[in-house]
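Heads up: the structure comes next, in structure tokens.
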Amino acid sequence: MATRPFALDPLFQSTKTVGGVGPRLTKLFEKIAGPMVADLLWHLPAGVIDRRYSPPLRDAQPDRVATLTLRIEEHIPPKRHGLPYRVKATDGTGWIDITFFNVKGDYLEQTMPVGDTRVVSGRLEFYSGYLQMPHPDYIVAETQRDQIPAIEPVYPLTAGLTQKVCLKIMRGAIARAPVLEEWLDPAHQAREGWQTWQQSLLAAHNPADEADLSPLTPARRRLAYDELLANQLTMALVRQNQKQLKGRALPGNNELFEKALAAFPFQLTHAQKQAVEEIRADMREPARMHRLLQGDVGSGKTAVAFLALVHAIGSGAQAAIMAPTEILARQHEHNISALAAKIGLKTVTLTGRDKGKSRKAILEQIANGDANIVIGTHALFQEDVIFNDLALAIIDEQHRFGVHQRLQLSEKGAAADMLVMTATPIPRTLTLTVYGDMDVSRLNEKPPGRQPIDTRLVSDERLGEVADALQRKLETGERIYWVCPLVEESEKLDLAAAEERFLHLQQHYGARVGLLHGRMKPADKDAVMEAFSQGLLDILVSTTVIEVGVDVPQATVMVIEHAERFGLAQLHQLRGRIGRGTGKSTCILLYSAKASEVARTRLATIRDSEDGFYISEQDLKLRGAGEMLGTRQSGLPEFRLAKAEFHGDLIATAYDDARLVIQRDPQMLSQRGMALRTLLYLFARDTAIKYLRSG
Ligand code: ADP
Ligand code: MG
């Protein structure tokens, strides 16, 4: 077993081990950075205090931080409660009051005895035309002047943590950063003009001015690169491991394939054809397929998936498709079993809802091979689900599962090819950070004949008008999705809002309104969805349950309440539920009259574009990568140093770098390879190292 190099040990201890950190601070640091000393290293300053301003008092400007050498003249305790304690001082050119609230004991007389000289540093203010320095950050004797840093980093804090304490602890943590063997390619490092890791870390934590806080400084770029390289190496190792796993060559069956093609009521788009060919080419190879099918909502991924299933079955094996939710699994069942039946294939569906006898019967068909296509949810990964001969596993709407589950899944060890489908329009730069371990096929065109969706921004003060307009839509038999706002912190509140809206719409329009939310029993959810799909309901009120995948082509109107609370990518996903048929669709984004100008500008992006990739790029620009998709379901790795909007160029470089490393030195045993192992440990990528022989 490979183990972490000793040099990193001081970093992989609890923050408790840093001098001055007790249980209370441990919690606070855990909140802002993490539990380990290493986590503190990645907690970079967000500001800088320059204490070099030392004017004579007669020239001193307010609202600046200054360091002053003063003679203490007089102590003036407050005359009544609520007034400050004042210490009068002078430098010979003017006067200043150093002020304190809530002073206890004789602490101030001790630290600033009348007649002595003190160096104080803090923010200057004018109060009733009089110069003041409230609560200085430093008060020291002249001989200790060097205790006051000329320039001081300011760290992001949390309630209960002061700048002074934070700074002290951070210094303690940073002092533990060891000198490490260089893992960068020397030519690359020279080209970028980067210092060593340790030097860069120190530089990033010791900004000389505001400019040094930029993500574009060499120090911060290097740290970002290190993080991205660790991420890409991990991906490359997973990929290498994946490729070494025994797969099987699946020849397919052309006759069956042609039949399947003919079963569609449409011609494949060029993009679909190409994706299908890439997938079939992979499947014919003996190596295991590990491919991502990325396509915007409505781009027709299901058809591609179906043809992949057919290829596997044409080779005499079974194939499975897994969806993240019951509803989506049922929907696949609906779409796929109809197609499958046309060409004589048998489909079964297994979800968490199947129990007892029926479950047993399904398991039997999976085990004896009667079922050609198996559709399901996570339930497919239960131990007692045994396939007769599974050759292909398709995972739909992958971002709901997250990267970790994907890794776990790929470690399941069946020799099956894997195809992951996602509708998350991740910007190109980020694709590599999430899917760098996979080959990618993209559906970059939509099926022909789609009408653009008419998207409108409407202030919620005009809700009444919207209701009238909907009345007219309902009279012409159109179906409506009504999405209620997402309150991140509380599912309960989501629910209350949705229920209230449901009752209200029901009263307003009569009985044909349904309600769908995450807390319903699966069977009830299906029933509502089915009723809406069949046209037994006109309006479907829901929380964001309908976000992914649901396909009811007759639904042509979507109203989204408090649209400003959603991420752009999420709004795009939601809107993708309409505009699926041939009818004209309308999406109404209701925003709170209180929404900011910025929020409205964001919404305009959605109004003006239906291109998921464009929208995600804009979202990225406006919000930053971490936030982009909402933390609940982004599946994006969390980068602490790398920022997609600044370090996009480094992502591609790290990707190439990592691939080359693994190509030349698959076990990372060369000198650089060993140094890179340290990098992986530094970023806690211990899982990746599992794939390597010990060095
Ligand atoms: P998604 O990529 O969002 O999963 P779907 O696979 O659900 O998209 O397809 C969306 C709709 O487009 C479905 O109703 C499907 O039947 C239809 N569709 C798919 N491919 C084509 C095509 N080549 N031509 C016309 N319609 C298509
Ligand atoms: Mg889909």
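Read the numbers this way: they start at 1 and go in the same order the structure lists the ligands and their atoms.
Scored by the side chain to side chain contact (heavy atoms under 4.5 Å, CB included) test, His334 finds no partners at all (sequence neighbours excluded). Remark: Asp468 engages no residue in a side-chain hydrogen bond (donor to acceptor under 3.5 Å, both in side chains) (not counting sequence neighbours).
Contact annotation: for Asn335 versus ligand 1, there are no heavy atoms closer than 4.0 Å.
Looking only at distances, a side-chain donor or acceptor of Ser585 sits under 3.5 Å from a matching main-chain atom of Gly579.
The residue from Gly579, Ala271, Gly300, Pro448 that puts a heavy atom closest to atom 8 (O) of ligand 1 is Gly300. Of the listed residues (His270, Gln294, Gln267), the one carrying the non-hydrogen atom nearest atom 23 (N) of ligand 1 is Gln267. Remark: among candidates Gln331, Lys446, Arg450, Gln272, the nearest residue to atom 12 (O) of ligand 1 is Arg450, based on non-hydrogen atoms.
In this structure, Gly295 has no heavy atom closer than 4.0 Å to ligand 1. For Pro553, the closest heavy-atom approach to ligand 1 does not fall below 4.0 Å.
Here Arg602 does not pair with Glu564 in a salt bridge; the nearest charged N to carboxylate O distance is not below 4.0 Å. Electrostatic pairing of Asp389 and Arg248 counts as a salt bridge here, judged by a charged N lying under 4.0 Å from a carboxylate O. A salt bridge does not link Arg472 to Glu475: none of the charged side-chain nitrogens sits closer than 4.0 Å to a carboxylate oxygen.
Considering backbone and side-chain atoms together, Pro447 places no N or O closer than 3.5 Å to any N or O of ligand 1.
Below 4.0 Å from some heavy atom of Thr302 lie the following atoms of ligand 1, by number and element: 4 (O), 5 (P), 6 (O), 7 (O). When each atom of ligand 1 is checked for a heavy atom of Ser299 under 4.0 Å away, the hits are 2 (O), 8 (O). For ligand 1, the atoms lying closer than 4.0 Å to a non-hydrogen atom of Thr269 are 23 (N). Which parts of ligand 1 touch Leu268 is read off a 4.0 Å heavy-atom cut-off, strictly below it: atoms 23 (N).
Here the side chains of Met558 and Ile588 are not in contact, with every heavy-atom distance at 4.5 Å or above.
Between Tyr481 and Phe532, the ring planes lie tilted relative to each other; the angle falls in the 30° to 60° range.
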